[in-house]
Amino acid sequence: MSSKKIIRKINEKDEDIFFRYTIITVLLGLVAIAILFSAFKIGVKEKREWLKVADKLKKPNLLVNPTRGNIYSDDDRIMATSAPQYYMYMDFAAEGFARDSFLNSKYNSVDSLAYYLSRKMKNRTPADYKAHLLKGLKSKGRQYPIYEGRVSYTDLKEIKTFPFLRFHRNRNGFYTKEMMQRQKPFGMLASRTIGDIYNEIDSTGVTKGKNGLELKYDSLLRGVAGLTSVQRIGGRWTNVVEVDPEDGMDIRSTIDINIQDLVEKALMEKLKEIDADAGTAVVMEVRTGEIKAITNMGRVGPGRFAETMNHAVADVMEPGSTFKIASMMVAIEDGVVEPETPVDVGKGVYVYANRNITDHNAHHGGYGMITAEKSIWYSSNVGIAKIIMKGYGKNPEKFVDGLHRVGMDADLNVGIPGAGKAKLRWPGDKYWSKTSLPWMSFGYEVQIPPIQTLTFFNAIANNGKMVRPMFVKDIMKNGKAVRHFEAEVVIPKICSERTLKIIQDMLYNVVNYRDLSSERRNGTGGPARSDVITIAGKTGTAQIASGGMYRTSGHNISFCGYFPYEAPLYSCIVVISRPRTGVPSGGSMCGTVVKEIAEKVYANCTVFDMKEVSDDSSKVIRPAVKNGDYAALKNVTDKLKIKLNTTEEVDSKYVTTQENNKGIVLKELPLTGSLVPDVVGMGAKDAVYVLENRGLRVSLSGKGVVVSQSIKKGGKVTPGQTVVLTLN
């Protein structure tokens, strides 16, 4: 074939391929144009119609409620957690409501449902439940309550299996409203400090804090709701989570459950004993300011108390004589007085600006001439007032400045919503008068929350460093701390080292000073004195003002201090309002509570080094060994590595034991079938086994080791005869 023909054939073939390629390209182009046209048509022209179709296959978004964070004690025990609760309703006007089944079904009628509800709820008889449900049917109520209270998730699951309610919602009209119940496993313990929540889930799908730590840390605890939609997929409606809920963070508080429990019990017993209106007790760790226990009890009935409000942080009150420590600290620091400075308190009554300043022992003739330090030991109103008037009468601003300097009105920012703030009266204020200075010196005309007084005394125990009271240690996420709180210093040094040591000595003697003279003038805090642990502190008694008068409205009594005195670990305040029984006394009423708390806390936290503990006279070198089964005895002594001191080989199944200074000596216990064996020294199990194997009956009296047997050893066995064994 010529080259021209070959070239022509190749050209014809190329043209054929190009033609086919062109056709394919045109066809693909047409398909692309068609797709683009369809996309334009669907996406623009028919957009609204297709969105309507999609909406029919998808139900509106629903909120997915997050789990509210837990609140823990300092050792990770749950103090507050969430559990859903449900109100139950029936929609008797629902479009698909199965009215005929409700009235006439053999197994799913109102009669069966009423029977099951009555058995479960126990608040109505079956007949009453039937009447209740028929009333709802007649009224065609759309939100008719089946049960007036709330039920748990577990109970709800069971109730959904009851007759008629097991139908689909479209047929039974049954639906629920979810609420969130905050549960506190430890009941009232620190309840007002932990706080409460509003149980209803709001429009954003979360619960909100009402008070206490629940409110303070609400934004962290409540979490963020997620979104879910119900979509029709494959012919079935399916829940599809579009946005996952974000559960709330957890909080680890500073509360020590063990200390909290004993503090609450000690306070409760005293409140019942003296029939008081209310009481509060707080224990603070000296070094860190961590609140280890806080209890606030209010009288809700005769002999009944409950956590009604957070008195420790919310109540601003006249503290009374505990305030004298601040006055004395300022006076010593300013060089106004020394501990040995004499003060004449006379017969316990001092008239100033036509008003009487009276000591608690004025009816016994007063203290006469005493020293400045004893005006604290004896809690003399006259003594402290005279000291402050002499030093600051012409310059009261200097005294109030001194109170501010030592932190009596420091901004503590305790982190509890509703906390009260300390208020000092200043010269030039609207209510400042001639009597303000002396009355302030012993704790009147000032407003101080108990937590503020405790923080001041805690600073004295903490070598002058005032730290902020702390209620929360950690913010946690998934069990891990994402933020940790450390001790925060409010005032590095409230006074000089010299002044601090003098004040510490005064607080020690308020509790521990014993007057050896015939007058027997002990410190007012004597009832708080303990033989177990050294306590230092100050008593306080303040009349409660009512209508500007202090005569008949009762007293606030208190004791604030720390322990152990030599190396303070904890500070504590107890305040009791309006005791009805006995003479109001900060020492005998509040001091005894602090004493009980201190002793029990000390007992719980005391750890002994067993290597340094001396031998007890009753120390047991080796455990007592009973007579009996040799194999069992050998097994135990081998496990305990107790050496048996015996030179004879033991072939008998049973042995007797004897101890000497060399150890445990074993001897064979011969058993002859026709003779009564010796079972003295055996345990009940071995003794009964040995005797019954010889045909004897056994009666036991007592417990422990056999000390006697009614038929002596060596006697002839009479089958069926009863042997009485006495054990001890």
Side-chain angles (χ1 to χ4, degrees), residues 187-196 211-212 260 262-283 293-323 360 379 416 418-420 422-423 442-454 524 527-528 537-560 572-597:
M188 288 195 304
L189 292 184
S191 178
R192 294 303 299 179
T193 300
I194 296 301
D196 299 295
N211 47 47
Q260 179 71 39
L262 66 88
V263 167
E264 182 171 303
K265 287 178 180 176
L267 179 64
M268 183 85 77
E269 288 174 4
K270 182 59 67 173
L271 293 177
K272 290 179 179 179
E273 177 188 331
I274 62 179
D275 193 21
D277 267 3
T280 185
V282 187
V283 175
I294 177 169
T295 183
N296 299 278
M297 292 293 166
R299 192 172 187 266
V300 294
R304 294 189 300 111
F305 294 85
E307 289 247 349
T308 52
M309 67 176 293
N310 202 332
H311 299 285
V313 301
D315 285 2
V316 286
M317 61 179 66
E318 292 176 314
S321 295
T322 54
F323 195 84
H360 62 89
S379 198
I416 300 294
K423 299 174 184 177
F442 51 85
Y444 286 83
E445 298 198 24
V446 292
Q447 299 291 314
I448 310 290
I451 195 75
Q452 189 101 25
T453 300
L454 176 62
T524 57
K538 182 68 184 75
T539 56
T541 303
Q543 290 181 307
I544 300 172
S546 177
M549 301 294 290
Y550 289 96
R551 298 185 182 279
T552 60
S553 54
H555 295 79
N556 284 324
I557 55 176
S558 60
F559 184 95
C560 191
C572 180
I573 188 170
V574 173
V575 181
I576 295 175
S577 295
R578 292 188 173 93
R580 293 176 174 81
T581 301
V583 178
S585 167
S588 62
M589 292 181 174
C590 298
T592 52
V593 178
V594 173
K595 174 185 175 181
E596 182 178 350
I597 291 170

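Worth knowing before you read on, the calculation uses all heavy atoms, side chains too, and leaves out hydrogens, waters and symmetry mates. Each residue takes its place number in the sequence, starting with 1.
Nearest heavy-atom pair across G591 and A528 is O-CB, 3.4 Å. Residues H360 and T524 approach most closely at NE2-CG2, 4.0 Å, considering heavy atoms. The two atoms that bring G212 and I416 nearest to each other are CA-CG2, 4.5 Å, heavy atoms only. The shortest non-hydrogen separation linking V263 to A281 is CG1-CB, 3.7 Å. Nearest heavy-atom pair, V316 versus G420, reported as atom, atom and distance to 0.1 Å: CG1-CA, 3.9 Å. Taking every heavy atom of both residues into account, P319 and G443 meet most closely at CD-O, 3.3 Å.
For D315, the side-chain hydrogen bond (donor to acceptor under 3.5 Å, both in side chains) test picks out H311, with sequence neighbours left out. N556 is linked by a side chain to side chain contact (heavy atoms under 4.5 Å, CB included) to M317, I544, S577, counting only residues two or more places apart in sequence or in another chain. Checked against side-chain hydrogen bond (donor to acceptor under 3.5 Å, both in side chains), T322 has no partners two or more places apart in sequence or in another chain. Qualifying ring-ring contact (aromatic ring centres under 6.0 Å, His included) partners for F323, counting only residues two or more places apart in sequence or in other chains: none. Applying the side-chain hydrogen bond (donor to acceptor under 3.5 Å, both in side chains) rule to S321 yields the partners K324, S379; only residues at least two apart in sequence or on another chain are considered.
Side-chain contact between C560 and L454: present, with at least one pair of heavy atoms (C-beta onward) separated by less than 4.5 Å. In this structure, the side chains of R580 and D277 come closer than 4.5 Å at one or more pairs of heavy atoms. The side-chain heavy atoms of Q543 and Y444, taken from C-beta on, include a pair separated by under 4.5 Å. With a 4.5 Å cut-off on side-chain heavy atoms, V282 and P450 do not count as touching. Side-chain contact between T539 and C590: absent, with no pair of heavy atoms (C-beta onward) separated by less than 4.5 Å.
Judged by distance alone, with hydrogens and angles left aside, the side-chain atoms of E307 form a donor-acceptor pair with the main-chain N or O of N296 at under 3.5 Å. Q260 contributes a side-chain N or O that, together with a main-chain N or O of I294, makes up a donor-acceptor pair within less than 3.5 Å. The backbone N or O of M297 lies less than 3.5 Å from no partner atom in the side chain of T308, so there is not a single donor-acceptor pair.
The structure places OG1 of T280 at 7.0 Å from CG of N310, a figure rounded to the nearest 0.5 Å. Note: N211 CG to D196 CG = 5.0 Å, rounded to the nearest 0.5 Å. Within the model, atoms CZ of F559 and OG of S585 stand 10.5 Å from one another, a figure rounded to the nearest 0.5 Å. Atoms CD and CZ, on E264 and F305 in that order, are 12.0 Å from each other to the nearest 0.5 Å. Rounding to the nearest 0.5 Å places CG of L267 at 11.5 Å from CG of L262. Taken from OG1 in T453 to NZ in K538, the straight-line distance is 12.0 Å, to the nearest 0.5 Å.
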Between H555 and R578, is a side-chain contact (heavy atoms from CB on, under 4.5 Å) present by the stated rule, with each step listed? CA-CA 5 Å; H555 295 79; R578 292 188 173 93; over 6 Å; no
In residues 268-275, what donor-acceptor pairs under 3.5 Å come from side-chain atoms, sequence neighbours left out?
{"residue": "K270", "atom": "NZ", "partner": "E273", "partner atom": "OE1", "Å": "3.4"}
{"residue": "K270", "atom": "NZ", "partner": "T592", "partner atom": "OG1", "Å": "3.4"}
{"residue": "D275", "atom": "OD1", "partner": "R299", "partner atom": "NE", "Å": "3.1"}
{"residue": "D275", "atom": "OD1", "partner": "R299", "partner atom": "NH2", "Å": "3.3"}

